[in-house]
Novice: 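This is the structure, below, for whatever I ask next.
Since this is a predicted model, take the numbers as computed values, not measurements.
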Amino acid sequence: CSAGSFAASEGAVSCAAASSGSFVGDIGASSQLECLAGRFAAGAGATACSICERGTFSANDGATSCALASAGSYVLKDGAKLERSCPSGRFSGVGASYCTVCAPGTWSPSGAAACLAADAGLVAPTGAAYEFDIDAVLVVAGTFGPDWRAAFEEAIFSLLPTDGFFNYTTVTSGNVVPRVDSSSGGVVPCLDSTSWHKLGEPSKDCAWASQWSPRCTVRGENKTLAQVACPCACAEESRRRRLDDAGQLMTVGYVVDATYISSPEENVTTITELARLDFIDALEAALTDGLVNDTMPGLDVVVDVPATLEDLEATTVTTTGVSGGDGDTLPSSCAPGKFALAGSTGCADCERGRFNPIAGQSSCLLASAGAFVNVTGATKSTPCSKGTFSAGQATRECELCEAGSFSADVAQTSCLLSRAGSYVPGVGATMDVPCSPGSFSAGAGATECTPCSPGSFQKDAGRSGCQFASAGTFVSEEGATNETLCAPGFFSTTGQSECTSCSPPTFNDLVGQS
């Protein structure tokens with residue numbers, strides 16, 4: 001029976017084609033094998049199972065097709081047996097190989113097919129931005145020209161994916177050193193295999209198997225995976241290349257810089273390992289698909305795929321920087337003193353003149369008349385102090401009472417005019433001042449007191465007017481607090497600034513005569 005068919009019993013008159021979901025890889029087979037989970041055979045007569053591509057999976061053995069990753073899930077690698085839910089802060093549609101980060105101002109729970117706008121008063125959680133250095137090597141044989149580094153770095157960069165979780169930014173080449181294979185005592189395996197060994201069977205022609213990985217997976221010409229027990233190996237000792245040969249294997253070190261926006265529920269340990277696996281998967285795919293040598297036409301070297309695949313497992317990832325991220329997986333309330341409209345990318349501080357005493361608000365309160373807010377992000381308003389006032393809402397600073405007015409209490413919306421008999425000489429007064437004896441203020445709002453004019457006086461403080469000098473007295477100067485009796489020989493009527501002398505033939509021998 002040819003490959004793809006089998007005869008299950010003796011005396012068969014024909015061979016049966018492998019059924020859908022199964023395959024027969026060898027000639028002369030007596031049974032078929034089910035495709036393992038992560039692989040499939042769509043029709044009858046398959047000689048090998050096809051691998052489920054990224055974005056698809058098969059959960060059970062014997063699959064005839066691969067299922068698309070459902071919305072809200074993803075399948076990152078080829079050959080997957082299951083799908084994984086998108087972490088919170090990401091989303092995906094059907095058949096996704098990775099989950100997209102929610103746009104600023106939106107969020108998602110785990111397993112979401114779309115992101116939601118954060119409600120008013122809430123802000124969507126944010127992941128952290130991570131920076132990594134990925135240290136890896138490529139094993140090659142050949143010669144290096146004077147300008148090999150730029151070509152090498154460009155070649156490696158071209159192999160890295162542009163649509164995954166990680167953003168690969170730069171490649172920097174490092175040291176070039178001879179590679180020693182410890183398992184062969186200083187002898188390096190040859191670059192091309194000539195035979196293949198399967199447990200319990202004789203050697204067979206290995207031409208159909210082009211590449212191998214340390215996991216004993218053989219990728220055939222049609223890029224399907226064959227189920228084999230061990231990799232290709234050189235059949236003849238003479239075909240091995242020794243370290244002292246002209247074309248000895250060299251290990252080229254290089255560092256790839258990468259960035260990653262985490263979802264809120266991820267941690268750095270998980271992300272570091274994801275970065276390592278994502279990079280290894282990308283290089284393994286390029287190596288096993290035969291893309292590596294094609295990308296380096298400017299270098300006179302040949303990549304040793306088996307050795308490079310082996311050394312890829314030693315790839316290390318170092319976190320070089322972390323910024324942002326709040327650790328929340330659900331939208332969080334804006335703190336007091338802040339607010340957010342629906343779908344906002346962050347909470348905003350309340351402006352001056354406004355405040356917010358509680359969390360989770362979509363707007364801020366106006367400072368009431370008699371109060372003020374002079375800073376941003378305030379959680380309360382402040383009453384205007386004595387001597388100041390605010391007439392309206394949303395006041396940023398209280399105004400000083402003008403001269404002639406005052407406010408004796410806090411939180412005033414206006415100032416009081418100084419009373420008659422009092423005055424306020426300057427701004428910001430907390431009380432009015434009584435006029436001193438010898439002066440007066442006739443009405444409200446006085447900024448100063450008026451001295452009593454000659455012929456009048458005021459003996460008391462806080463008066464709104466002056467008294468006229470009575471008959472028989474006089475007041476000669478302004479600002480007087482008392483009247484003076486006229487001397488003998490003189491007299492006066494009311495309100496006189498001086499006494500009049502008696503004219504002949506009259507006389508006056510007493511004081512205070514009118």
Novice: I'd like to check the ring-ring contact (aromatic ring centres under 6.0 Å, His included) partners of Tyr74; sequence neighbours left out, ordered by chain and number.
Specialist: Phe165
Novice: Under the rule for side-chain hydrogen bond (donor to acceptor under 3.5 Å, both in side chains), what residues qualify as partners of Thr170, not counting sequence neighbours?
Specialist: Asp257
Novice: Tell me if the CD1 atom of Ile27 is crowded by more than 12 foreign heavy atoms within 6.0 Å.
Specialist: no
Novice: Considering all heavy atoms of both residues, which atom of Ser108 and which atom of Cys102 are nearest to each other, and what is their separation?
Specialist: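 Residues Ser108 and Cys102, closest heavy atoms: OG-SG, 3.6 Å.
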Novice: Decide yes or no for Leu365 and Pro357: does some side-chain heavy atom of the first lie under 4.5 Å from some side-chain heavy atom of the second?
Specialist: yes
Novice: Can you list everything that forms a side-chain hydrogen bond (donor to acceptor under 3.5 Å, both in side chains) with Gln412? Sequence neighbours excluded, please.
Specialist: none
Novice: Can you measure from CD1 (Ile51) to OG (Ser58) and round to the nearest 0.5 angstrom?
Specialist: 9.5 Å
Novice: Could you tell me which residues satisfy side chain to side chain contact (heavy atoms under 4.5 Å, CB included) with Ala282, sequence neighbours excluded, listed by chain and number?
Specialist: Pro161
Novice: Taking atom OG1 of Thr388 and atom CD of Glu399, what is their separation to the nearest 0.5 Å?
Specialist: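 Reported to 0.5 Å precision, the distance equals 9.5 Å.
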Novice: Could you tell me if the side chain of Phe132 sits less than 4.5 Å from the side chain of Thr320, heavy atoms only?
Specialist: no
Novice: Is Asp26 reaching over with its side chain to a backbone N or O of Ala29, donor-acceptor style, under 3.5 angstrom?
Specialist: no
Novice: Among all residues two or more places apart in sequence or in another chain, which pass the side chain to side chain contact (heavy atoms under 4.5 Å, CB included) test with Leu82?
Specialist: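 Residues passing side chain to side chain contact (heavy atoms under 4.5 Å, CB included) with Leu82: Arg84.
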Novice: Please indicate whether Asn60 has more than 12 foreign heavy atoms, meaning atoms of other residues, nucleotides or ligands, lying under 6.0 Å from its CG.
Specialist: no
Novice: What's the shortest heavy-atom distance between Thr413 and Phe389, and which atoms?
Specialist: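 Nearest heavy atoms, Thr413 then Phe389: O-CD1, 3.4 Å.
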Novice: Search all heavy atoms of Lys81 against all heavy atoms of Phe57 and return the closest pair with its distance.
Specialist: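 The answer is O-CD1, 3.7 Å.
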Novice: With a 4.5 Å heavy-atom cut-off, do Thr319 and Tyr130 have their side chains touching?
Specialist: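 Counting from C-beta outward, Thr319 and Tyr130 do come under 4.5 Å.
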Novice: Nearest 0.5 Å, please: how far is OG in Ser368 from CZ in Phe355?
Specialist: 6.5 Å
Novice: Carefully, step by step, assess Phe91 and Cys86 under the rule side chain to side chain contact (heavy atoms under 4.5 Å, CB included).
Specialist: CA-CA 6 Å; Phe91 73 100; Cys86 293; 5.7 Å; no
Novice: Evaluate the side chain to side chain contact (heavy atoms under 4.5 Å, CB included) criterion for residues Val256 and Phe157: first the C-alpha distance (whole Å), next the side-chain angles of each, then the deciding distance (0.1 Å), finally the verdict.
Specialist: CA-CA 8 Å; Val256 178; Phe157 189 80; over 6 Å; no
Novice: Would you indicate whether the side-chain heavy atoms of Leu312 and Val137 approach each other to under 4.5 Å?
Specialist: no
Novice: Could you walk me through whether Phe6 and Ser30 pass the side chain to side chain contact (heavy atoms under 4.5 Å, CB included) check?
Specialist: CA-CA 5 Å; Phe6 67 100; Ser30 59; 5.9 Å; no
Novice: Quick check: do Thr382 and Val373 have side-chain heavy atoms less than 4.5 Å from each other?
Specialist: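 Thr382 vs Val373: side chains apart.
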Novice: Quick one: pull up OG in Ser390 and CZ in Phe372 and give me the separation to the nearest 0.5 Å.
Specialist: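 If I round to the nearest 0.5 Å, the distance is 9.0 Å.
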Novice: Taking the side chain as every heavy atom from C-beta outward, state whether Val252 and Val140 have any pair of such atoms under 4.5 Å apart.
Specialist: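 SC-SC contact between Val252 and Val140 confirmed.
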Novice: Show the nearest heavy-atom pair for residues Ile134 and Ala258, with the distance to one decimal.
Specialist: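 Between these two residues, the closest heavy atoms are CD1-CB, 4.2 Å.
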Novice: How far apart are the closest heavy atoms of Thr106 and Ala117, and which atoms are they?
Specialist: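 Result for this residue pair: CG2-CA, 4.1 Å.
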Novice: Give the minimum heavy-atom separation between Cys49 and Arg39, together with the two atoms involved.
Specialist: CB-CB, 3.9 Å
Novice: Please evaluate residues Asp278 and Tyr168 with respect to the criterion side chain to side chain contact (heavy atoms under 4.5 Å, CB included), reporting the C-alpha separation (whole Å), side-chain torsions for both, the decisive distance (0.1 Å), and the verdict.
Specialist: CA-CA 11 Å; Asp278 189 74; Tyr168 298 102; 2.7 Å; yes
Novice: Side chains of Glu153 and Ser173 only: does a donor on one sit below 3.5 Å from an acceptor on the other?
Specialist: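 Their side chains do contain a donor-acceptor pair, which is all the 3.5 Å distance test asks for.
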Novice: Does the side chain of Gln32 pick up a donor-acceptor pair with the side chain of Ser19 at under 3.5 Å?
Specialist: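 Distance-only check passes for Gln32 and Ser19.
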Novice: Just verifying a value: how many Å separate Leu283 CG and Thr308 OG1, rounded to the nearest 0.5 Å?
Specialist: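 Reported value, rounded in 0.5 Å steps: 8.5 Å.
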Novice: Sorted by first residue and then second, give each salt bridge (Lys or Arg N to Asp or Glu O under 4.0 Å) pair with at least one member in residues 114-133; sequence neighbours left out.
Specialist: none
Novice: So, using side-chain hydrogen bond (donor to acceptor under 3.5 Å, both in side chains) as the criterion, who are the partners of Ser362 when residues are at least two apart?
Specialist: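 Once residues adjacent in sequence are excluded, Ser362 has no partner under the side-chain hydrogen bond (donor to acceptor under 3.5 Å, both in side chains) criterion.
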Novice: Does the side chain of Asn356 come within less than 4.5 Å of Cys350's, by heavy atoms?
Specialist: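 When only atoms from C-beta onward are counted, Asn356 and Cys350 do touch, with a gap below 4.5 Å.
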Novice: Mind checking what makes side-chain hydrogen bond (donor to acceptor under 3.5 Å, both in side chains) contact with Tyr254, not counting sequence neighbours?
Specialist: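 Not a single residue meets the side-chain hydrogen bond (donor to acceptor under 3.5 Å, both in side chains) criterion with Tyr254.
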Novice: Is Asp78 reaching over with its side chain to a backbone N or O of Arg54, donor-acceptor style, under 3.5 angstrom?
Specialist: yes
Novice: Any chance you could measure Leu138, atom CG, to Asp311, atom CG, to the nearest 0.5 Å?
Specialist: 9.5 Å
Novice: Among all residues two or more places apart in sequence or in another chain, which pass the side chain to side chain contact (heavy atoms under 4.5 Å, CB included) test with Cys15?
Specialist: Cys1, Ser5
Novice: Assess whether a salt bridge exists between Lys338 and Asp349, defined as any Lys/Arg side-chain N lying under 4.0 Å from an Asp/Glu carboxylate O.
Specialist: yes
Novice: Holding to side chain to side chain contact (heavy atoms under 4.5 Å, CB included), I want the full list of residues that pass it with Ser20, two or more places apart in sequence or in another chain.
Specialist: Thr64
Novice: Any side-chain heavy atom of Phe279 within less than 4.5 Å of one from Leu160?
Specialist: yes
Novice: By the salt bridge (Lys or Arg N to Asp or Glu O under 4.0 Å) test, which pairs, at least two apart or in different chains, include something from residues 352-378?
Specialist: Arg352-Glu397
Novice: Identify each donor-acceptor pair in which a side-chain atom of residues 66-73 lies under 3.5 Å from a protein atom, sequence neighbours left out, and give them as a table.
Specialist:
residue: Ser70; atom: OG; partner: Glu83; partner atom: OE1; Å: 3.0
residue: Ser70; atom: OG; partner: Glu83; partner atom: OE2; Å: 3.2

